[in-house]
Colleague: 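Dumping the structure here so I can ask a few things about it.
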Amino acid sequence: MAKKVSSKTENKKSIDLAPDTEVGTGEFLTTNQGLAINDDQNSLRAGERGATLLEDFILREKITHFDHERIPERIVHARGSAAHGYFELYQPMGKYTKAKFLNDTSRKTPVFVRFSTVAGSRGSTDLARDVRGFSVKFYTEEGNYDLVGNNIPVFFIQDAVKFPDLIHAVKPEPHNEIPQAASAHDTFWDFISLMPESAHMIMWAMSDRALPRSLRMMEGFGVHTFRFINDKNQAFFVKFHWKPLLGVHSVAWDEAQQISGKDPDFHRRDLYEAIESGAFPEWEFGVQIVPEADEHKFEFDLLDPTKLIPEELVPVQRIGKMTLNRNPDNFFAETEQVAFHPGHLVAGIDFTNDPLLQGRLFSYTDTQLSRLGSPNFHEIPINRSINEVHNNQRDGHMRQQINKGTSSYHPNTIGGGCPFQAKAAEGGFTSYMERIDSKKIRGRSKSFFDHFSQATLFFNSQSEAEQNHIVNALRFELGNVTIPAIRERMLGILSMIDKALAQRVADGLGMAVPKKPEQPVNHSIPADGKPADYQPTKVTSSIDASEALSMANTIKNTIKSRQVAILAADGVNEDTLAGMKNKLTAAGATCKIVAPHHGEIKGNKGKAIAVDKRLLNTSSVLFDAVYIPGGTSSINALLNEPEAIYFVNQAYKHCKSIAADKDAAQLLNATYIGDKPQDGIITDGNAKSFINAIAQHRFWEREAASQVPA
Ligand code: HDE
């Protein structure tokens with residue numbers, strides 16, 4: 001960025017590594033070498049109508065930089081949105097971990113959080129049916145700690161070696177690069193139908209969890225089991241959770257598809273606007289802690305990333321809170337260049353032998369080398385730790401640090417022996433001394449062979465509406481699969497999860513559930529040549545259902561940052577409109593006046609009311625609820641607007657709360673709502689009832705009613 005060229009800056013030899021300051025304070029335009037530019041409108045030519053000269057280093061520098069503006073996007077999680085914030089601890093966790101940021105309640109640890117979808121390209125829609133990445137970089141005083149998780153607590157595969165296969169299968173098919181950001185195609189389901197270990201994850205991915213209403217309304221999970229280590233060197237298994245204080249909410253699939261057209265940046269915009277408006281998203285940080293001695297107490301293996309620990313078995317302790325309060329200043333510099341890595345640890349946290357985690361530990365640094373182009377990616381401002389970095393690593397592409405002195409090795413005397421190694425008591429990281437005494441093999445423990453019991457547990461834990469959504473999602477996805485054998489194999493897998501589920505999906509596909517599920521391919525051929533005993537099994541779960549797995553049981557006590565459309569036209573009752581708007585705003589919602597035209601509408605007493613959105617430029621899928629104030633001319637005008645009727649019908653179809661003043665009933669009557677009293681439809685303009693209804697998020701039971709339009 002341009003800096004004012006003055007004799008002062010010319011003389012300043014020290015290198016300022018800090019991010020650049022704001023433009024607009026009288027700087028001259030310069031080249032990247034600091035030369036003031038006199039003409040940025042014309043290239044250097046051989047005469048007014050002559051050829052451009054190769055000599056024009058200013059042109060060439062500008063174009064060269066432009067040519068290289070794009071870096072390779074992330075191979076997975078390319079589409080992302082991020083924010084800055086901080087983490088505060090509720091209670092010291094010294095009994096379990098010596099991590100300093102988990103022991104000092106007076107600290108505010110800065111964080112940078114990046115949310116993402118997995119399958120789509122960087123420009124793909126936010127509302128794809130997909131897992132969401134939930135990566136948190138804690139800038140602790142003892143170094144960066146990255147918790148690189150997802151919004152789903154389990155994963156598709158048990159071993160990292162299958163990750164490239166999984167991603168190749170879900171990405172657009174290689175011959176025609178179709179479909180973008182979608183799993184509803186042959187190669188994905190071909191792979192999944194041969195990977196019964198995906199069964200549990202598939203239930204989550206086909207549920208509404210894969211269609212968040214907002215990035216601010218998603219849970220986050222570390223997925224793997226990690227270790228806490230305390231200062232006595234005792235270890236505890238730990239699972240990490242993020243619990244959103246706004247509750248966990250999703251949109252309907254039909255809505256998701258429409259949002260993808262109306263506003264593909266829906267989640268990105270929502271996060272950005274919420275933070276700009278001061279509605280800072282918050283999550284509580286939760287841990288499930290299991291003593292080492294209890295490692296084998298469960299009917300599943302703690303090292304198996306396709307399993308969660310039901311909260312009924314090990315409760316989640318909420319130990320702190322994260323608040324996101326600042327948007328990035330520059331998307332590329334921060335959101336795009338941030339480099340997460342599950343191996344960025346602080347003392348007091350360590351790995352387990354989860355084979356998926358072990359593979360990730362290699363992958364993340366490796367991918368940054370091709371994505372960010374240099375082993376110096378830690379020097380990019382967003383990736384720097386807040387404490388100082390001292391080591392003997394030197395040089396490489398784009399090195400920023402100017403190391404002084406002559407010693408770049410250890411041990412040394414020339415540099416006074418620096419930098420020194422730190423003892424554990426001085427904060428030096430020591431790996432947990434896990435006992436390993438084993439044969440070197442390629443293979444899996446039998447404790448990893450149960451692929452279905454938690455898939456069933458998840459399905460059983462869902463509300464009726466949530467189960468219906470899973471059935472419909474599977475009908476949709478498998479309906480897009482063109483090869484019948486793949487669909488059939490999937491029906492076999494579904495029948496291992498729940499017979500009725502498989503039957504309902506089969507009915508939707510016009511197929512029969514196979515009597516005997518096809519056995520999946522044999523994944524391991526042991527070195528001794530004996531036939532492998534890999535056989536997916538199903539153990540009996542000790543619990544039938546888990547409350548925390550259903551979004552129906554989430555927090556429903558707030559309408560903070562919810563978006564309400566107020567449908568109005570000239571002649572609207574300006575008093576009831578203002579009354580409702582004030583109450584909704586006081587409760588934390590954002591109201592937008594949606595009208596047939598831009599500019600202003602006139603209230604029934606002549607007041608000019610600014611229009612936020614014209615019907616043509618918005619859609620009810622972008623709102624959580626709709627309010628229709630009265631006023632005869634306004635209602636008459638809206639009755640003549642097919643877009644207004646459609647707006648209300650769509651909100652109704654997507655099970656949203658709708659409120660109308662008593663004298664707006666005519667408009668409701670013109671929609672599918674009619675005059676039948678029903679949950680979530682407020683016909684007397686009562687703000688309190690409306691606020692309670694919006695807090696419920698959705699009235700999914702409405703979907704069952706035959707009057708819901710197609
Ligand atoms: Fe990742 N993953 N992953 N992953 N992952 C990447 O790293 C990988 C896995 C996750 O916002 C890549 O910097 C392997 C599980 C998130 O920048 C890459 C395996 C979970 C993000 C990579 C997994 C994740 C990534 C691509 C199987 C949930 C986005 C760009 C062993 C716990 C981070 C990058 C961001 C990104 C590899 C599995 C979460 C290629 C090999 C399980 C949230 O290194």
Side-chain angles (χ1 to χ4, degrees), residues 71-84 111-122 126 130-138 144 146-171 195 197-198 200-201 204-205 209-210 212 215 218-226 238-242 267-268 271 303-308 328 331-344 351-373 377-378 380 382-383:
I71 62 170
E73 66 175 31
R74 288 165 172 80
I75 177 73
V76 281
H77 297 267
R79 170 83 186 166
S81 306
H84 293 271
V111 297
F112 187 67
V113 181
R114 183 175 181 271
F115 305 104
S116 47
T117 54
V118 176
S121 302
R122 202 178 134 180
D126 279 339
D130 202 350
V131 188
R132 298 301 185 285
F134 193 126
S135 307
V136 181
K137 191 179 280 296
F138 294 86
N144 290 345
D146 291 356
L147 182 52
V148 197
N150 279 344
N151 76 328
I152 290 180
V154 291
F155 204 62
F156 292 98
I157 45 170
Q158 294 175 323
D159 192 310
V161 74
K162 299 311 297 168
F163 192 66
D165 300 287
L166 167 74
I167 299 305
H168 288 171
V170 72
K171 283 274 181 183
M195 291 297 278
E197 69 202 54
S198 299
H200 187 194
M201 178 70 171
W204 285 81
R209 295 274 181 157
L215 301 170
M218 309 190 306
E219 285 183 297
F221 303 91
V223 178
H224 315 281
T225 303
F226 290 88
V238 58
K239 290 263 192 201
F240 294 116
H241 296 247
W242 292 108
H267 282 156
R268 179 175 288 177
L271 178 68
L303 303 186
D304 174 357
T306 65
K307 302 296 180 301
L308 50 83
F331 184 91
F332 180 82
E334 301 175 83
T335 310
E336 197 59 17
Q337 293 203 115
V338 64
F340 293 95
H341 181 9
H344 292 164
F351 314 121
T352 60
N353 293 334
D354 171 345
L356 193 68
L357 173 60
Q358 295 283 317
R360 292 179 75 198
L361 297 178
F362 163 71
S363 180
Y364 288 67
T365 311
D366 186 46
T367 210
Q368 309 311 347
L369 293 179
S370 59
R371 194 170 74 80
L372 298 170
F377 62 84
H378 61 281
I380 296 171
I382 194 68
N383 293 325

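Counting starts at 1 for both ligands and their atoms, following the listed order. We're numbering straight along the sequence, starting at 1. These numbers come from a predicted model, not from an experiment.
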Colleague: I'd like to know if Phe221 contacts ligand 1, where contact means a heavy-atom distance under 4.0 Å to any ligand atom.
Modeller: no

Colleague: Say whether Gly80 and ligand 1 are in contact under the criterion: heavy-atom distance to a ligand atom below 4.0 Å.
Modeller: no

Colleague: Holding to ring pair (Phe, Tyr, Trp, His ring centres under 6.0 Å), I want the full list of residues that pass it with His378, two or more places apart in sequence or in another chain.
Modeller: none

Colleague: Is there a salt bridge (charged side-chain N to carboxylate O under 4.0 Å, His left out) between Arg79 and Asp126 once you walk through the steps?
Modeller: CA-CA 8 Å; Arg79 170 83 186 166; Asp126 279 339; 2.8 Å; yes

Colleague: Checking salt bridge (charged side-chain N to carboxylate O under 4.0 Å, His left out) for the pair Glu197/Lys162: CA distance, chi angles, key distance, verdict?
Modeller: CA-CA 11 Å; Glu197 69 202 54; Lys162 299 311 297 168; over 6 Å; no

Colleague: To which protein heavy atom is atom 34 (C) of ligand 1 closest, and what is the distance rounded to 0.1 Å?
Modeller: Thr367 CG2, 3.3 Å

Colleague: Give me the ring orientation class for Phe134 and Phe115: parallel if the planes are under 30° apart, tilted from 30 to 60°, perpendicular past 60°.
Modeller: perpendicular

Colleague: If you draw a sphere of radius 2.8 Å around atom 1 (Fe) of ligand 1, how many protein N/O/S atoms end up strictly inside it?
Modeller: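 N, O or S atoms of the protein closer than 2.8 Å: 1.
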
Colleague: So is Gln368 touching ligand 1 or not, going by heavy atoms under 4.0 Å?
Modeller: yes

Colleague: Quick one: are Arg132 and Thr117 in side-chain contact, heavy atoms under 4.5 Å?
Modeller: yes

Colleague: Pairs of nitrogen or oxygen atoms closer than 3.5 Å, one from Arg114 and one from ligand 1: do any exist?
Modeller: yes

Colleague: Tell me every residue that passes ring pair (Phe, Tyr, Trp, His ring centres under 6.0 Å) with Phe156, counting only those two or more places apart in sequence or in another chain.
Modeller: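 With sequence neighbours excluded, Phe156 shows a ring pair (Phe, Tyr, Trp, His ring centres under 6.0 Å) to no residue whatsoever.
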
Colleague: Going by the rule ring pair (Phe, Tyr, Trp, His ring centres under 6.0 Å), which residues pair with Phe221 if we only count those two or more places apart in sequence or in a different chain?
Modeller: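 Ring pair (Phe, Tyr, Trp, His ring centres under 6.0 Å) check on Phe221 returns His241.
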
